[in-house]
Amino acid sequence: MRRVLLTLLLPLLLPTYKATGQPRPTDFIQELWYKKGVVYNLDVKVFQDSDGDGVGDFNGLTRRLDYLSDLGVTVLWLAPFQPSPNQDDGYDISDFYGIDARLGTQADLRNFIQQAKKRGIRVVMDLVVNHTSSQHPWFQQARRNKESPYRSWYVWSQQRPRDWNKGMIFPGVQHETWSYDSLAGAYFYHRFYRFQPDLNAQNPAVQAELRNVVRHWLALGIDGFRLDAVPFFIEVPGTSVNNPDLQFDLLMWLRQFIQWQKGDALLLGETNVAPKENKQYFGQYGEGMQMMFNFYVNQFLFYALATGDVGTLEKALEATRDVPTTAQWAFFLRNHDEIDLGRLSKRQREAVYARMGPDKNMQLYERGIRRRLAPMLANPAQLRMAYSLLFALPGTPVLRYGEEIGMGDDLRLKERLAIRTPMQWLAGPNGGFTTARQPIRPPIQQGPYRYANVNVTAQRQDSASLLTHIRRLIRLRKQYPEIGQGVWQLRKSHSPHVLILASEGPNRTVVTVHNFSPHPQTIRGLFEGARGARGIGINGKTGPSPIDKTGDIQLPGYGYGWFTIEPKTNPVPPDGKSTSGRATPTGRGR
Ligand code: NOJ
């Protein structure tokens, strides 16, 4: 009887569902996994070796899945793992369907993907199709024989083009974009190094091959792709090196094809472009790439970290605000390349160099810095504040392996290899990366960032470690999906050093404050009139920062705080200690 009554009454108890009928657009957005993900980028060959040959492999990575799952990451982005002469650390692929034999077999990869899925972790891989290795059989055939069908897979010129020495991506190291090949008797085009000839993506035969490549990896269980060098992939060859025509439908077409193969597969673009170009890559209505790295904000974020001034960072955030509803920014602090500061003014770039990369040896390609974050910031309070901010930015956070423990760099290694040293698991030989005498790349053994000092095992046992801090931030971020999915706003802090972001969801607003200055700052009246504002515990400590009756917040140097405003309820904070009616930051950069 009670059940019958309940069934009859239920529709009356749920008037909103009845009344609206249709799901709200936000309901659909909430299902987009890439919007609520936490991405972790790693290179299998330097992560964990399982067979003692000195090279990391899929079986080693599989063994470390529990660690990654405990850290809380939900998406792994794998650097290229296909066969390669490794002249560009694997970004020079010589077989798009294979796996570098040192890293394992296809069965190992499948097993890894399966085990990752069991833990709710998705796997995304690099898709490097702007170019091949010059040792790829396609290029070898193309250069040897004019009649080869592969000839038109690349971009050739009989004469040396006028802009042959313009548009280099690696200035200082790379000297031309058109190089003469004596076997071919012609010049070939390469945006990147000479050993990376550009594929002619305009050619339908190349497009058909790309479809095969994508289909191959999706069938093996891959959840999506980080598309390498997007603006160069879509450039129409031969139009102009400095200002090429771009064929955006290639992206729309790729997205459609990928989605046709696997409905929820992701296309994440490496797209370092000016804000006004973003729409063309995302697509007017989100029909392009679902996600792109926000390189623009990244550069101004480093400027803010270097100078303590958040004004230009705020402008950069506003400049990249406009994205289609289903699209999303990927935010990061450091990635596997140099920090590209090419969009800063000369004066701004000099300011970042002066603070974070003063030696010539730390700088690269006339525009960037080849260092890891921990040594660059050096101040642990600033480092923690920076990571808190990463998880507070209105997009999906992307962490680079080793960042979570504050790994350092080895500036003796060439170019970007300085920041690609093996993962540091423990204090023992080779930092636990391998038992081999000759690791593929030397783990960091000297200085303050040596594996004896900086490693996972030690930090896991330490509740005050950077690893613990980042694990907490990830958990926090998952608890507050308003960040990344809600509607965000910058709030005025009246201090040039404090960034305040508010993200509004249907039920509450999450507000974060970050002090970029080494000196204490007071934020006045932030929660004036906002009933039910409260601090969220970040650092696990009770004892919130002082806040006076007017709702002012006192932030220590490099301090930060996360708050919620839940207007209608009388909330109980996650730590169970109600501070209703007050706003209290508990995460402080000390
Ligand atoms: C972009 C990658 O991030 C970088 O590491 C690589 O060298 C170039 N693409 C060339 O593939």
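This is a predicted model, so every value here is computed, not measured. For ligands, and for the atoms within them, numbers begin at 1 and follow the listed sequence.
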Practice item. Could you tell me whether Phe282 and Trp329 have their ring centroids closer than 6.0 angstrom? Key: yes
Review point. Which word best sums up how the rings of Phe112 and Phe58 line up, parallel for under 30°, tilted for 30 to 60°, or perpendicular for over 60°?
Key: tilted
Check your understanding: Near Gln141 CD, under 6.0 Å, is it more than 12 heavy atoms from other residues, nucleotides or ligands?
Key -> yes
Check your understanding: Hey, mind stepping through Arg226 and Glu270 against salt bridge (Lys or Arg N to Asp or Glu O under 4.0 Å) and telling me if it holds?
Key -> CA-CA 7 Å; Arg226 176 255 186 205; Glu270 189 211 11; 3.5 Å; yes
Point to revise | Spatial distance of atom CG (Asp88) from atom CZ (Phe170) [nearest 0.5 Å] | key: 5.5 Å
Point to revise | Protein residues that have a heavy atom under 4.0 Å from any atom of ligand 1, sorted by chain and number | key: Asp88, Tyr91, His131, Phe170, Phe192, Arg226, Asp228, Glu270, His336, Asp337, Arg416, Arg420
Practice item. Using the test side chain to side chain donor-acceptor pair (under 3.5 Å), find all partners of Tyr187 that sit at least two apart in sequence or belong to another chain. Key: none
